[in-house]
Participant: 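This structure is in structure tokens; I'll ask about it shortly.
Remember, predicted model here, so these are calculated numbers, not experimental data. Chain A is the first sequence line, chain B the second, and so forth, proteins listed ahead of strands; every chain is numbered from 1.
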Protein chains: 2
Amino acid sequence: MTTTGLSRGEQKERTRRAILDAALGLSEEGGLAALSLRQVAKEIGIVPTAFYRHFASIDELGLALVDESFAALRAMLRDARALPRDSDSRSLVVAIANQSVAALVAHAQTSERHLRFLARERLAGPAAVRDAVRQQVQLVEQELAADLAQLPATRSWSASDLAVLSNLLVNSMLAHVEELGHAAGPADVEHIATTARRQLHMVLVGTLRWDSSR
Amino acid sequence: MTTTGLSRGEQKERTRRAILDAALGLSEEGGLAALSLRQVAKEIGIVPTAFYRHFASIDELGLALVDESFAALRAMLRDARALPRDSDSRSLVVAIANQSVAALVAHAQTSERHLRFLARERLAGPAAVRDAVRQQVQLVEQELAADLAQLPATRSWSASDLAVLSNLLVNSMLAHVEELGHAAGPADVEHIATTARRQLHMVLVGTLRWDSSR
DNA sequence: TGTACATCAGTGAACGCGCGTTCACTGATGTAC
DNA sequence: TGTACATCAGTGAACGCGCGTTCACTGATGTAC
């Protein structure tokens, strides 16, 4: 144990963060299910047994990452919702699409690994983590559906159609985050953002003309 | 080695199939990256070393599964494309959506594990497998874009907008396959199919009104 | 302020286990004559 | 058809390695007086 200027609590928190960050990075190659406690320990320079001072198991670490990741996702959605009321865009829908993609790109820079964690572990995670992600994604979809219900264009929509559109948007959003994660440089990011924007324009302009009563 | 009525070649092929099937099933829990050669061998009742008579490594097995899975995906798309020309549906777009979802449900029954394998390993697979899946998905998207370009409604669309819509459709399709994989029973399958159909109606009816020139 | 004691994050040895991979082998299937 | 030999899918022992987990420990930080 080395001497630092930090209090015991501060040092413990610092190690906990290092574990979470290392797990987030290392799980990008093969997923959380293929991650070992010893890899994490080696990465951050602690002895494997020290891991147990912070988490009871890899699964518990995974659930902590699920919590953090959904905080990031919700922060992104909060920004996406924050429409400039004095928007000079040609229509409300276009303004929504632009604002949403702006939030996506901004949060992809700070929370990219967390958001990709969700997309990945939803499909490939250990059962406990996978189920937690699925449950939380469902909640996020419900929240988004409630947002969509506020739009004038969805006045006559059924609840199930709102859910269907919300599901489409959440899935697409996570897919775009994944693409941003493989971006080669700033120019590539801009290209992906442009594509995402155009796709969202397309879907929203199209679907918001949708008549839920058929 | 037991005596069977099979020729050497037939028996070898049978073991190879058993390895592929076992890998497909076992990789559902945690992904291919968390799968071990010994698990596969134990599952099908051969000794671990016998694996090497069929594949040089787990990665090579993974690439074989990628090939099989894309054959399944392409077969599904072929059926989705096979529109009944004398359709009595209210519009061409609705007929397309219905036919596509019918193909999805039909192939989800026979190829469910292969299709879910693609969705999962595209995000969480070992690097070699992940890259192979991504490359093939891109090709499938291009093929679908070429299909979409045949529709009267896309006559004025740009190539990039066709690609954007194609990307949306492929992502959504894989998401629906994933949901079908967790269906509880026949009633649940029907519910998911209904949702998928409605979503596809929504998107196609909406976007095919889209004016690519803005 | 100084001292004596408690706390507890991180250490290091040790364990049994499953891993991928090597190697020489066995014996049923296949083939040449 | 029968015999002698070749092929090769599957066997089983062995290896060194990384795994999760246990346990008693160390020594800096924190606290009571």
Participant: Let me know the distance between CD1 of B/Ile19 and C1' of D/dA9, rounded to the nearest Å.
Facilitator: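 Whole-Å distance recorded here is 11 Å.
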Participant: Find the distance A/Arg14:CZ to D/dT29:P and express it as a whole number of Å.
Facilitator: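 That distance rounds to 13 Å.
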Participant: Partner lookup for D/dT7, please. Criteria are Watson-Crick or G-U wobble with both distances under 3.5 angstrom; report none if nothing qualifies.
Facilitator: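 When the pairing criteria are applied, C/dA28 turns out to be the nucleotide that pairs with D/dT7.
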Participant: Under 4.0 Å from OP1 or OP2 of D/dG10: is there any side-chain N or O of B/Thr49 that close?
Facilitator: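 So the side-chain polar atoms of B/Thr49 never come under 4.0 Å of the phosphate oxygens OP1 or OP2 of D/dG10.
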Participant: Rounded to the nearest angstrom, tell me the gap between atom CZ in B/Phe51 and atom C1' in D/dT11.
Facilitator: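 Going from CZ in B/Phe51 over to C1' in D/dT11 covers 17 Å.
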Participant: Send over the distance from A/Arg53 CZ to D/dC23 P, rounded to a whole Å.
Facilitator: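 Spelled out: CZ on A/Arg53 to P on D/dC23 is 13 Å.
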Participant: For a quick test of reading the model, state the closest non-hydrogen atom pair linking B/Leu162 to B/Ala149 and the distance between them.
Facilitator: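 For B/Leu162 and B/Ala149, the tightest heavy-atom pair comes out as CD1-CB, 3.7 Å.
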Participant: Under a 4.0 Å heavy-atom cut-off, which of residues 23-48 of chain B touch DNA chain D?
Facilitator: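 Nucleic-acid contacts, sorted: B/Arg38, B/Ile46, B/Val47.
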Participant: Can we say B/Glu68 and B/Arg17 salt-bridge, meaning some charged N sits less than 4.0 Å from an Asp/Glu carboxylate O?
Facilitator: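 A salt bridge is present here (some side-chain N lies under 4.0 Å from a carboxylate O).
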Participant: Could you check which of D/dC8, C/dT22, D/dT29 has an atom nearest any side-chain atom of B/Arg8?
Facilitator: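 Selected nucleotide: D/dC8.
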Participant: If you pin A/Ala56 and B/His54 to their nearest nucleotides in DNA chain D, which one's is more 5'?
Facilitator: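 Its nucleotide being nearer the 5' end, the pick is B/His54.
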Participant: Which is true for A/Tyr52 with a 4.0 Å heavy-atom rule: it touches a base, it touches only sugar-phosphate, or it touches nothing?
Facilitator: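 Base contact.
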Participant: Send over the distance from A/Lys12 NZ to D/dG30 P, rounded to a whole Å.
Facilitator: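 The answer, rounded to whole Å, is 13 Å.
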Participant: Using the salt bridge (charged side-chain N to carboxylate O under 4.0 Å, His left out) rule, collect all pairs that involve residues 28-41 of chain A, keeping only residues at least two apart or in two chains.
Facilitator: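 Applying salt bridge (charged side-chain N to carboxylate O under 4.0 Å, His left out) to every pair that reaches into residues 28-41 of chain A, excluding sequence neighbours, yields A/Glu28-A/Arg116, A/Glu29-B/Arg130.
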Participant: Which atoms form the tightest heavy-atom contact between B/Ala183 and B/Asp188, and what is the distance?
Facilitator: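 So the minimum-distance heavy-atom pair works out to CA-OD2, 3.4 Å.
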Participant: At their closest point, which heavy atom of A/Arg122 faces which heavy atom of A/Val133, and how far apart are they?
Facilitator: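 So the minimum-distance heavy-atom pair works out to CB-CG1, 3.6 Å.
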Participant: Just call it for A/Ser57: base, sugar-phosphate, or nothing, with non-hydrogen atoms closer than 4.0 Å on any strand.
Facilitator: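 The residue A/Ser57 makes no contact with any strand.
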Participant: Both distances under 3.5 Å, Watson-Crick or G-U wobble: report the partner of D/dT21, or none.
Facilitator: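 C/dA14 - that is the nucleotide pairing with D/dT21, both distances being under 3.5 Å.
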Participant: Round to a whole Å and report the spacing from CD of B/Glu10 to C1' of C/dA28.
Facilitator: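 For the pair B/Glu10 CD and C/dA28 C1', the rounded distance is 15 Å.
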Participant: Measure from CG on A/Leu6 to C1' on D/dG30 and round the result to the nearest Å.
Facilitator: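 Roughly 15 Å, once rounded to whole Å.
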Participant: Check every atom of D/dA28, C/dG10, C/dA28 against the side chain of A/Ala50 and return the nucleotide holding the closest atom.
Facilitator: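 Of the candidates, C/dG10 comes closest.
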Participant: Rounded to the nearest angstrom, tell me the gap between atom CD in A/Gln11 and atom P in D/dG27.
Facilitator: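 That distance rounds to 17 Å.
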Participant: Please give the nucleotide sitting opposite C/dG2 as a Watson-Crick or G-U wobble pair, both distances under 3.5 Å, or none.
Facilitator: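 C/dG2 is paired with D/dC33.
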Participant: Are B/Arg74 and B/Glu143 close enough for a salt bridge, meaning some N to O gap below 4.0 Å?
Facilitator: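 Here B/Arg74 pairs with B/Glu143 in a salt bridge, since their nearest N and O are under 4.0 Å apart.
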Participant: What's the spacing between A/Thr15 OG1 and A/Ile46 CD1 if we round to 0.5 Å?
Facilitator: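 Nearest 0.5 Å value for the OG1-CD1 distance: 6.5 Å.
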